[in-house]
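Okay, structure first, notes after.
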2 protein chains.
Amino acid sequence: MAKKASAQLSEYLAGQGLKSTSQRDKILAVFVEAGRHLSAEELYARIKKVHPGIGYATVYRTLKLLAEAGMAEERRFEDGFTRYEYKTSEGGHHDHLICTRCRAIVEFENERIEALQQDVARNNGFLVQSHKLEIYGLCSACQGKKNKPA
Amino acid sequence: MAKKASAQLSEYLAGQGLKSTSQRDKILAVFVEAGRHLSAEELYARIKKVHPGIGYATVYRTLKLLAEAGMAEERRFEDGFTRYEYKTSEGGHHDHLICTRCRAIVEFENERIEALQQDVARNNGFLVQSHKLEIYGLCSACQGKKNKPA
DNA sequence: TTGAAATTGAAATCCATTTTCAATTTGTTG
DNA sequence: CAACAAATTGAAAATGGATTTCAATTTCAA
Ligand SMILES: [Mn+2]
Ligand SMILES: [Mn+2]
Ligand SMILES: [Zn+2]
Ligand SMILES: [Zn+2]
């Protein structure tokens, strides 16, 4: 899978007249490995453990590049950080449930909601390009716990 | 209506041991008058035409204060600015359709979508606190027009 | 092998928003 | 009304995530 990802990136780069670099390969590998919804900051922390030479700016740049290449999706939740998630060719669209206490993120798909959104848009003369649905609340683990102490 | 708003603010301030000031009154009046979804920047521009003495920071501070008082709602769309909308006692919850070309914002309510969100949350053990649904696309006016030129 | 073009890391810069701080204003107390 | 502690203000400085600059390095087509 990481094999495939790096091949996909190389292909994109070649097609755009851009260059393959070891930094890009390494960042992509760590990113794919790390799991979803990472901020640049978080990814950088992981990167530098394995590849201390790689710079901060390069992590930012590569994440944007991956988004342009269609290999990552940019997400801005309400915590002030831009997060990225790796996008496989299959793994389709989904929305998010976010715990306001422990920050847990649960993904979901609901075709009925999607359909109703289309209806709403059509009724207002809009042509849908994208949408964002985030449900904030308390996950089951957090519902029982005391208030503030994270 | 603006009468009522300023009374509501005074009441909130008194209750919190905070002070009524002419700046707060004036900012509120312009805010209520101006319409929905204003950024601090936009509101400041309007304010200074009428009340040149009022400072930038005070506009920011007052907007946050109004949000705390429950008289304004903070919205973060995808344009990098925090926007505020005046919240009347009746005017209930709604979501937004946003034109990616002309930035027009249309409000809508859809109880079926709301209900389905509750279902999704329940199925995942979440207790809903709030949510955010934004549909991005082209408004009818913008669908016919050429690509980029805003 | 060569060299133009792309990329890199570090530091500087951007930019919306927040904070600092001294001066002013408010509202309460006597 | 006077006095004063506490809150507020405007201007400027600071913050913080993200982007840009720039000289040095690397890539890759010729
Ligand atoms: Mn996700
Ligand atoms: Mn609205
Ligand atoms: Zn939780
Ligand atoms: Zn439009």
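Within every chain, numbering begins at 1; the chains are lettered A, B, ... in the order of the sequence lines, protein sequences first and strands thereafter.
- The residues B:R83 and B:E42 are annotated as salt-bridged, a charged nitrogen and a carboxylate oxygen being separated by less than 4.0 angstrom.
- Rounded to whole Å, atom P of D:dA7 lies 12 Å from atom CD of B:Q16.
- Spacing between atom CZ of A:R83 and atom P of D:dG17 amounts to 11 Å, rounded to whole angstrom units.
- One finds the CD atom of A:E78 at 4.5 Å from the OH atom of A:Y136 (value rounded to the nearest 0.5 Å).
- Between the CD atom of B:E68 and the P atom of D:dA7 there is a distance of 15 Å, given to the nearest Å.
- Within 6.0 Å of the CZ atom in A:R112, the count of heavy atoms belonging to other residues, nucleotides or ligands does not exceed 12.
- Of all the residues in residues 38-54 of chain B, B:G53, B:I54 reach under 4.0 Å from DNA chain D with at least one non-hydrogen atom.
- Between the side chain of A:K26 and the backbone N or O of A:V50, no donor-acceptor pair lies under 3.5 Å.
- Contact between the side-chain N/O atoms of B:T82 and the OP1/OP2 oxygens of C:dA16 is not found at any separation under 4.0 Å.
- In terms of modelled atom types and a separation under 3.5 Å, the side chain of A:D79 and the main chain of A:F81 share a donor-acceptor contact.
- Taking atom CG on A:L66 and atom P on C:dT7, their separation rounds to 13 Å, with Å as the unit.
- We find the CD-OH distance between A:E68 and A:Y12 to be 5.0 Å, quoted to the nearest 0.5 Å.
- Nucleotide D:dA30 has C:dT1 as its partner under the Watson-Crick or G-U criteria, with both atom distances under 3.5 Å.
- For the residue pair B:H37 / B:E107, a side-chain donor-acceptor distance below 3.5 Å is found, with atom types taken as modelled.
- With rounding to whole Å, B:L65 atom CG is found 14 Å from D:dA7 atom P.
- With A:Q8 contributing its side chain and A:A69 its backbone, the two residues share no donor-acceptor pair below 3.5 Å.
- Across the protein-nucleic acid pair, A:F77 atom CZ and D:dG17 atom P stand 17 Å apart, rounded to whole Å.
- In this structure, CD of B:E78 is placed 13 Å from P of D:dA18, rounded to the nearest angstrom.
- The aromatic rings of A:H131 and A:H93 sit perpendicular to each other, their planes meeting at more than 60°, with 30° as the lower class boundary.
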Per-nt protein contacts along nucleotides 19-30 of chain D (heavy atom under 4.0 Å; B base, S backbone sugar-phosphate only, - none) come out as BBB-----BS--
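- Look at CG on B:L63: it is 10 Å from P on C:dT17, rounded to the nearest Å.
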